[in-house]
Amino acid sequence: EWQTTFSEKPEWAIQSVVNCNSLVLEEIRNAVKNRNIIISIYGLTGSGKSLSAISLAEVISLISKKPFDAGNVCFTMEGKMGILNRIPRAEKHDTLIMDEQIAAWGQGSGRQSSELKNIEETLRKKQINFIFNAPELRTHLHHLILQTFAMDANSNIAKLLVFTPTRKLLGYLTLRR
């Protein structure tokens with residue numbers, strides 16, 4: 001059963017948008033081949049962000065011929081399982097996922113945002129692929145922006161809107177795990 005949400009622009013539900021599966025795959029291929037890719041995924045709770053991130057990490061691993069390690073999914077900035085601990089151990093073409101933990105406001109959010117910018121620079125230099133999940137789109141470096149809008153949990157399929165880094169809508173992407 002499909003759950004569909006259009007949290008930002010409900011009019012997209014009635015627009016005819018283009019299937020971007022091939023376009024996104026080509027973008028990932030080119031980015032991974034030339035350096036790395038940073039992808040932002042955002043959407044409502046339960047809309048398929050984590051499913052999409054892991055599916056994309058598996059696609060990236062096939063392209064880079066570098067197996068995806070589930071230990072590269074991080075839920076905090078610091079600590080044993082945090083992104084700051086994982087980056088020094090990551091190698092060229094590894095894929096890291098930061099799942100929903102950067103505060104948009106409140107105590108520590110400025111520091112965390114600054115740390116995120118430093119993390120992104122390090123990822124680029126080390127050629128590490130990065131997928132960032134959050135309920136809201138954050139301002140940071142990304143090659144692709146994806147917004148989850150539908151998920152079929154029984155079939156592990158998610159649908160996402162695809163945007164350029166300048167927020168131009170390109171179409172949609174369907175991911176299956």
Side-chain angles (χ1 to χ4, degrees), residues 20-21 23-45 47-104 108-148 158 160-168 170 173-177:
C20 287
N21 288 15
L23 177 74
V24 170
L25 184 59
E26 192 59 31
E27 179 68 21
I28 291 171
R29 271 194 190 113
N30 289 335
V32 169
K33 177 182 169 188
N34 293 321
R35 191 158 185 107
N36 76 328
I37 189 158
I38 298 176
I39 301 171
S40 291
I41 302 173
Y42 74 104
L44 298 174
T45 301
S47 64
K49 294 183 302 293
S50 296
L51 169 71
S52 299
I54 291 169
S55 297
L56 285 169
E58 291 171 345
V59 168
I60 292 168
S61 75
L62 290 172
I63 292 168
S64 67
K65 297 177 177 46
K66 184 91 182 210
F68 176 65
D69 178 354
N72 286 345
V73 179
C74 303
F75 299 95
T76 63
M77 291 288 282
E78 299 167 343
K80 185 177 180 183
M81 299 302 292
I83 194 88
L84 294 175
N85 187 40
R86 194 67 196 126
I87 289 174
R89 299 186 316 223
E91 300 174 357
K92 182 178 179 178
H93 295 303
D94 277 348
T95 300
L96 301 179
I97 297 173
M98 181 68 199
D99 204 343
E100 297 197 48
Q101 291 301 311
I102 304 299
S109 62
R111 179 181 62 87
Q112 287 182 336
S113 294
S114 176
E115 285 176 350
L116 183 59
K117 289 190 186 316
N118 290 335
I119 287 169
E120 290 167 344
E121 289 175 18
T122 302
L123 295 170
R124 294 284 294 160
K125 288 177 187 170
K126 289 184 73 175
Q127 296 184 16
I128 298 167
N129 303 301
F130 186 55
I131 301 170
F132 180 75
N133 280 356
E136 300 171 8
L137 184 62
R138 310 288 186 212
T139 302
H140 58 88
L141 173 69
H142 36 237
H143 299 104
L144 282 174
I145 300 170
L146 305 174
Q147 180 187 7
T148 55
L160 304 94
L161 295 173
V162 179
F163 299 90
T164 66
T166 58
R167 303 269 311 160
K168 178 184 173 199
L170 296 176
L173 170 68
T174 304
L175 293 171
R176 168 178 259 156
R177 179 138 197 275

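Sequential numbering from 1 along the given sequence is applied to the chain's residues.
The distance from the SG atom of C20 to the CG atom of L170 is 5.0 Å, given to the nearest 0.5 Å. If you take SG on C74 and CG on N85, they are separated by 8.5 Å, rounding to the nearest 0.5 Å. Distance CG/L141 to CD1/I119: 12.5 Å, rounded to 0.5 Å. Once rounded to the nearest 0.5 Å, the distance linking OG1 of T95 with CD1 of I39 reads 8.5 Å. Interatomic distance, D99 CG to S50 OG, rounded to the nearest 0.5 Å: 3.5 Å. Atoms CD1 and CD1, on I38 and I131 in that order, are 11.0 Å from each other to the nearest 0.5 Å.
The backbone N or O of I37 sits less than 3.5 Å from a side-chain atom of N129, completing a donor-acceptor pair. Looking only at distances, a side-chain donor or acceptor of K126 sits under 3.5 Å from a matching main-chain atom of I87.
In plain terms, the two heavy atoms of L137 and S40 that are nearest each other are CD1-CB, 4.0 Å. Considering every non-hydrogen atom in both I145 and T164, the closest pair reads CD1-O, 3.4 Å. Listed here is the closest heavy atom pair of I128 and E91: CG1-O, 3.7 Å. Nearest heavy atom pair, residue T148 against residue G43, reads OG1-CA, 3.4 Å. Annotation for A158 and G48: closest pair CB-O, 4.3 Å, computed over non-hydrogen atoms.
A salt bridge links R29 to E26: one of the charged nitrogens lies within less than 4.0 Å of a carboxylate oxygen. The existence of a salt bridge linking D69 and R86 is confirmed by a sub-4.0 Å separation between a basic side-chain nitrogen and an acidic carboxylate oxygen.
The closest side-chain heavy-atom distance from L56 to L146 is below 4.5 Å. Two residues are said to be in side-chain contact when any heavy atoms from C-beta on lie closer than 4.5 Å; Y42 and Q147 meet this criterion. In this structure, I60 and F130 have side chains that are not in contact, with every pair of non-hydrogen atoms separated by 4.5 Å or more.
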Begin with the C-alpha distance, continue with both residues' side-chain angles, and end with the deciding distance and a verdict on side-chain contact (heavy atoms from CB on, under 4.5 Å) for L175 and L51. CA-CA 8 Å; L175 293 171; L51 169 71; over 6 Å; no
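With sequence neighbours excluded, the residues forming a ring-ring contact (aromatic ring centres under 6.0 Å, His included) with H142 are H140, listed by chain and number.
Of the residues N21, L161, L25, the one that meets the side-chain contact (heavy atoms from CB on, under 4.5 Å) test with L173 is N21. Applying the side chain to side chain donor-acceptor pair (under 3.5 Å) test between N36 and each of K125, H93, Q127, R124 identifies R124 as the sole match.
Legend: salt bridge (charged side-chain N to carboxylate O under 4.0 Å, His left out) pairs involving residues 49-60, not counting sequence neighbours, sorted by first then second residue: K49-E100, E58-R177.
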